[in-house]
Amino acid sequence: MLDIKLIREEPEKVKEALRKRGSDVGLEEILGQDQVRRELLGAIEAKRAERNSASEGVGKLMREVGQARKEGRSSAELEVEVGKLKKRSSSLGEEIAELDNHLRPVEDSLRELLLLVPNIPHETVPVGQDASKNEIVRRVGDPREFGFEPKAHWDIGEDLNIIDFKRAAKIAGARFALYLGAGAQLERALINFMLDIQSREHGYTEVFPPVLVNKESMTATGQLPKFAEDLFKCAADDLWLIPTAEVPVTNIHREDVIPVEKLPVKYTAYTPCFRREAGAHGRETRGLIRQHQFNKVELVKFVEPETSYAELETLTADAESILQKLELPYRVISLCGGDLGFSAAKTYDIEVWLPNYNEYKEISSCSNFEDFQARRANIRYRPLEGKPLFVHTLNGSGLAIGRTVAAILENYQQEDGSVIVPKVLKTYLQMDTISV
RNA sequence: GGAGGGAUCGCAUAGUGGUCUAGUGCGGGCGCCUGCUAAGCGCUUACUCCGAGUUAUCGGGGUCGAGGGUUCGAAUCCCUCUCCCUCCGCCA
C-alpha cells in the first residue's frame, strides 16, 4: 500500500512511477475520495468536540443538582439547564450519525482503492513493458557440454522410477508430483541442505509456520484482494493455502513494533506452496516446473529503510550460494518495470540452466518491497529517538525445491541414464549416484 | 463438540455509568543527591487520524481484544465475533 499522503502531495510523481510498470491506475478517484473523507472528518470531529463538552456539562450540573438537594435548595433551574444540554447533545449525536453514514463507505472504498495500487518501482529498475527488457546482471558457471542428447527431467525421473506423474494425477490431478525412493530422499535432502546453509552460515532463524492462513495475512503481503484467483481457498473456514512462505513468515510481525536494535530480523522457512496456476493452461504442463503444490525454502528479512537495498544484494547472494554449492550454472536478472510483481519495488530473478530447455529458468525471486507490505501489515520499528516507522520487508526463494530437483536431474545426468549426486548432497543422501 | 473463566498504557494490577484528562507498582528514560557501589528523591514514559505552523509544538477526534447496541455520556451495561485458560468428550 502506498502512503495516501504521498499520493495527495505528489500525484504526478506517483503516476509517472506507476507508468514505469505499465500500470494505469486512476489516482483521480483516490484523490477525490480522500478529499471527501477529510471534509466529512472535519465536520464530524467538530460536532464530536461540541457533544463531548455538552456531555461533560451534564455531568457537572448533575453533581450540582445532587449537592443542592442534599442542602435542601431548589434544583429546578439546574435541571432545566441539564435538559437543554441533553437535548443539544442528543441532536448532535443524530447529526454525527448522519455524517458517519456518509463517511463510512468513503473510507471503505478509499482503502479498497489503495489496496489495488501496486508498488512504485525503484529508480534502478530497468524500463520496459515485458520480460524482454529484463537486464542480465551476471552469469555464474558455464553450461556443461554434453556428448549426448540430454533428456528432460521428467523422462529421467520416470526412467529412474523416482518421480511418478501419472499416479500423482490419479491421486490429485494434473500438476502434481509423486516422488519415490531416491526422488523423495533428494527432495528431503535439498530441504535440509538449504535450511542448514541459510540458518548456520547466513544467520537466518529457522521457522516452521502454518500453511493455512486467514485473509488478513493474505492482504498484508499483497495476495489479496487482487489475486484471489491464484489461490486455493478453504471456503468453509475462510482459510487460504499459502502460495509461498512469504505470507505466514512476513505476518509473524504483523501489528508489531520491533526495537531497532533487533533489526535486521532474518527468517528462513521450509513450506509446501500451493498455487492454482489459473491462466497457465497449456504452459509447461510437463515436469516439475509448474506445479499446484511444490516445496520451497524461503528467506525473509525485516530491515531499516536505509539498508534495504544493501540487504537485497546479500539476500540474493544467500540464495545464489545454494546454486554455487550445488555447482549449477545460473544467471541473475533484474526485472524491468513491466515484469515486476505487484508488491515489489525491485526484484532479482535467479535463473538456473536447464539443458533440455536449452535456456535459463527461474528458480528464485528476490525482492525488496520497501514499506509496501509493512504499511499493509502495520509492521514498524522503534528508532532510538522518535516515533515508530515502517520497516522495509524483503524476501526471496532460497530456493524452490522442485525446480532444483529438475536442474540437478538435467545437469547431472549421464549417458547411461543415471544421475550423479552433487558433492554437497552426498552426505545427506548417502549415495553417489541415482540409478535404476 | 459441551460447560465455565478471562482479555485494561512494555510487564503486573486497580477501576461495575459522569473530576478516568485510565490510578498504582515494576521496568525504561532524564535530572538531583551521594568518595565508589547500592539506595534515595523529583520529573517523565502509548499509538493513530484531522487541522494549524518553517521546525519545536499546539488544537481537536479516536483507541481499555474486535465490531455493533443502549445512553446526554460506556473500560464499566447488552449482543455478536476472535483469541487465551480450566474441565469434560474426541484424537495424531
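Nothing here was measured: the structure is a model prediction, and the numbers come from that model. Every chain is numbered from 1 and lettered A, B, ... according to where its sequence line falls, protein lines coming before strand lines.
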Flag, side chain of A:Asp237 to backbone of A:Leu239, donor-acceptor distance under 3.5 Å
no
Can you measure A:Leu384 atom CG to B:rG29 atom C1' for me and round it to whole angstrom units?
13 Å
Please measure how far the P atom in B:rG10 lies from the corresponding atom in B:rA22, and state the result in whole Å.
14 Å
For B:rA7 and B:rU19, measure between their C1' atoms and round to the nearest Å.
28 Å
Scan nucleotides 63-76 of chain B nucleotide by nucleotide, 5' to 3', and note B when protein non-hydrogen atoms come under 4.0 Å of the base, S if they reach only the sugar-phosphate, - if neither.
-----S---BS---
Hydrogens and angles aside, do A:Lys86 and A:Ser55 bring a side-chain donor and acceptor to less than 3.5 Å of each other?
no
More 5' along RNA chain B: A:Ala49 or A:Lys60, using each one's nearest nucleotide?
A:Lys60
A:Val297 to A:Ile191 - nearest heavy-atom pair and separation:
CG2-O, 4.1 Å
For the backbone of A:Trp154 and the side chain of A:Arg286, can you confirm whether one donor and one acceptor N or O come within less than 3.5 Å of each other?
no
Atom pair distance, as rounded to whole Å: CD in A:Glu216 and P in B:rC81
17 Å
Taking side chain to side chain contact (heavy atoms under 4.5 Å, CB included) as the test, write out the residues that go with A:Asn52, two or more places apart.
none
How far does the P atom of B:rG73 sit from the matching atom of B:rU63, given to the nearest Å?
13 Å
Going by purine N1 to pyrimidine N3 plus the second Watson-Crick contact, or the G-U wobble pair, all under 3.5 Å, which nucleotide sits opposite B:rA56?
none
Determine the Euclidean distance between corresponding P atoms of B:rG67 and B:rU16; express it in Å to zero decimal places.
24 Å
Any strand is fair game: report the nucleotide pairing with B:rA92 by Watson-Crick or G-U wobble, both distances under 3.5 Å, or none.
none
Write out all pairs satisfying salt bridge (charged side-chain N to carboxylate O under 4.0 Å, His left out) with one or both partners inside residues 372-382 of chain A, taking only residues at least two apart or from two chains.
A:Asp3-A:Arg375, A:Asp371-A:Arg375
Scan every strand shown for a Watson-Crick or G-U wobble partner of B:rA7, both distances under 3.5 Å, and answer none if you come up empty.
B:rU82
B:rC87 pairs with which nucleotide, Watson-Crick or G-U wobble, both distances below 3.5 Å?
B:rG2
Sole residue of A:Ile408, A:Leu399, A:Asn295 in side chain to side chain contact (heavy atoms under 4.5 Å, CB included) with A:Leu190:
A:Ile408
Span that lies between the C1' atom of B:rC64 and that of B:rA75, in whole angstrom
5 Å
Determine the interatomic distance between P on B:rG25 and the same-named atom on B:rU57; round to the nearest Å.
27 Å
When you compare the side chains of A:Glu246 and A:Thr221, does any donor N or O come within less than 3.5 Å of an acceptor on the partner?
no
Using a 4.0 Å heavy-atom cut-off, write out nucleotides 46-51 of chain B from 5' to 3' as B (base contacted by protein), S (sugar-phosphate only) or - (no contact).
-SSSBS
For B:rC32, the Watson-Crick or wobble counterpart (both distances under 3.5 Å):
B:rG40
What is the base-pairing partner of B:rG23, counting Watson-Crick and G-U wobble geometry with both distances under 3.5 Å?
B:rU13
So the ring-ring contact (aromatic ring centres under 6.0 Å, His included) pairs with at least one residue in residues 209-260 of chain A (sequence neighbours excluded) are A:Phe227-A:Phe342, A:Phe232-A:His292, A:His253-A:Tyr267, A:His253-A:Phe302
For residues 96-130 of chain A, which residue pairs pass the ring-ring contact (aromatic ring centres under 6.0 Å, His included) check, not counting sequence neighbours?
A:His122-A:Tyr309
What is the base-pairing partner of B:rC64, counting Watson-Crick and G-U wobble geometry with both distances under 3.5 Å?
none
Taking the P atom of each, how far is B:rU71 from B:rU21, in whole Å?
22 Å
Using the P atom on both, measure B:rG15 against B:rG28 and round to a whole Å.
27 Å
